[in-house]
Amino acid sequence: MASIIRGTNAGECAAPTAYLCRTALVAMLISTTMCAAADSKQASWNRRAELKKAGYVELIGADAAHFLVGNSVLIQKSSPLDSEKYGIEIYPAVYYFLSDHTMYECGVGKEADCSVRPWGVVNNQICLDTVASCNEPTGIAIMKSPFPEKRAKSGGKIGVYVSFGHYVYDIVKGDRVDGPFFDSHVSGQPIELKRADFAKEVEDASQRGAPDKAVPISGPRAISLLIGNTFLSDDAVKPSEDQATNACPEEGTYYSPDGRVIRFTCHEQMWSISILHWKIRSGLICRDGPDPRDIGVFDFCKPATVKVIFAAQGSGAGDTMLVQDLESGNALTGYAGNVLKFRVERHLEVDKSDSK
């Protein structure tokens, strides 16, 4: 049922915000109760018949999938009546079907958090995440509007997305999400630095009694190592060795030069992505908050800090040092550049620095 059909257990949810975890939890709680209720209420619930009478044509299997690719489904908040009657609540969202195997689910609002997950067709049924969502009567129906080409030109709905035979949402032309697109493989290598370039920092760390194998770097030098680079958890190392392998890093951050901080997690090829923004103020790196109301409000400022560590022994790297970002609380290794090719096609203007 729109944003509540999920293949993720609530205990496994690794999304960066409560929104994504909440939808997974709702799915777990209602998946069985709705199936049981649907049989006895099928006559009152099933709206597909009335849609067909109105001229809608139901698409099956590959035809339905082809109709979805490149288009968006607009999920509306459940009505108070439905929420009270069926004990569920659906939150506004947008689905964008990027290809025949990848879809985005994003919250509503500028640069809202997104989950990116697999979908496809199994036994002529549209499946989101798993085949469990294909079982009737909770299956998804795709119905094409009368005169869809004419409606598309005027920005209207070209069809409807029906779940549980009852909940109807508009399908509209094109991409309606502000989610960042990316390539799901790592196309770069870890940043490599020479120990000789950090002799002063190594000496300072030793004088403070800190081990020189993990040397903190702060200030402008740290900023230059952060901005424009990607930081990934250690599980991304293996895919980076095989460019054809899809990466699924447990955690990562990309500091875009255009002022965005893209944070992401991945579990079984299901990605969760959130976007913050950065700017430099009085030599400090400042970030805004994840709430849409806080976009552009840079209240959290602190010195930029990374650490450099020796490359693993036996790697043949000699005195090579690697960069790590500790912003998330976990040590993420720095890769040069935008290694997942993140791109946001709808740009939100955020100044990257000011004179304050």
Side-chain angles (χ1 to χ4, degrees), residues 1-9 12-15 20 23-24 26-28 30-31 34-35 38 48 56-75 90 93-107 114-144 148 157-177 179-185 239 244-249 264-273 340-341:
M1 183 198 318
S3 60
I4 62 172
I5 296 183
R6 301 295 299 275
T8 305
N9 292 329
E12 296 175 345
C13 186
L20 296 173
T23 56
V26 173
M28 182 185 70
I30 66 94
S31 60
M34 293 299 290
C35 291
R48 289 153 78 173
Y56 287 79
V57 177
E58 185 168 358
L59 302 177
I60 305 296
D63 291 335
H66 180 74
F67 189 71
L68 286 174
V69 172
N71 296 321
S72 301
V73 177
L74 309 182
I75 307 300
I90 302 171
V94 179
Y95 288 179
Y96 174 57
F97 293 84
L98 176 66
S99 68
D100 61 0
H101 55 80
T102 301
M103 65 169 289
Y104 277 67
E105 178 188 347
C106 298
C114 296
S115 64
V116 184
R117 61 187 200 261
W119 75 285
V121 176
V122 176
N123 297 327
N124 280 334
Q125 293 284 321
I126 298 295
C127 297
L128 308 186
D129 301 334
T130 70
V131 295
S133 62
C134 296
N135 297 329
E136 291 290 356
T138 60
I140 297 164
I142 305 301
M143 310 190 75
K144 183 169 67 173
K157 63 183 177 183
I158 60 174
V160 293
Y161 175 107
V162 186
S163 59
F164 290 99
H166 176 77
Y167 294 89
V168 178
Y169 304 104
D170 291 353
I171 302 173
V172 294
K173 196 71 176 175
D175 169 24
R176 299 296 179 92
V177 301
F181 298 146
F182 62 97
D183 297 333
S184 57
H185 63 275
T245 302
N246 284 338
C248 186
F264 48 92
T265 62
C266 182
H267 176 68
E268 295 182 351
Q269 297 302 321
M270 295 178 62
W271 293 66
S272 296
I273 305 175
L340 290 167
K341 298 183 175 63

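For clarity, every value in this text was computed on a predicted model and none was experimentally measured. Throughout, residue positions are numbered sequentially from 1 according to the sequence presented.
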Does a side-chain heavy-atom distance below 4.5 Å link W119 with L128? yes

Report the distance from atom CG of L98 to atom CG of N71, rounding to the nearest 0.5 Å. 12.0 Å

Might you point out which heavy atoms bring C248 and H267 nearest each other, and give the distance in Å? SG-N, 3.6 Å

Show your working on side-chain contact (heavy atoms from CB on, under 4.5 Å) between V73 and D170 and close with a plain yes or no. CA-CA 6 Å; V73 177; D170 291 353; over 6 Å; no

Going by the angle between their ring planes, with limits at 30° and 60°, are Y161 and Y95 parallel, tilted or perpendicular? perpendicular

Nearest 0.5 Å please: distance from the CE atom of M270 over to the OG atom of S115. 6.5 Å

Answer whether the closest heavy-atom distance between the side chains of I75 and V94 falls below 4.5 Å. no

Side chain proximity check, L59 to L68, heavy atoms < 4.5 angstrom: no

Going by ring-ring contact (aromatic ring centres under 6.0 Å, His included), name the residues that satisfy it together with F264, two or more places apart in sequence or in a different chain. W271, F342

For A141 against R48, the heavy-atom pair lying closest together: CB-NE, 3.7 Å

So, taking the atom named SG in C127 and the one named CD1 in I140, what distance separates them when rounded to the nearest 0.5 Å? 7.5 Å

What's the separation between atom CD1 in I171 and atom CE in M143, rounded to the nearest 0.5 Å? 10.0 Å

So does S72 get a backbone contact from the side chain of Y104, meaning a donor-acceptor N/O pair under 3.5 Å? no

If every non-hydrogen atom of P180 is compared with every non-hydrogen atom of I273, which pair is closest and at what distance? CG-CG2, 3.6 Å

Separation between CD of Q125 and CD1 of I142, rounded to the nearest 0.5 Å: 10.0 Å

OH (Y96) and CG (D175) are apart, to the nearest 0.5 Å, by 5.0 Å

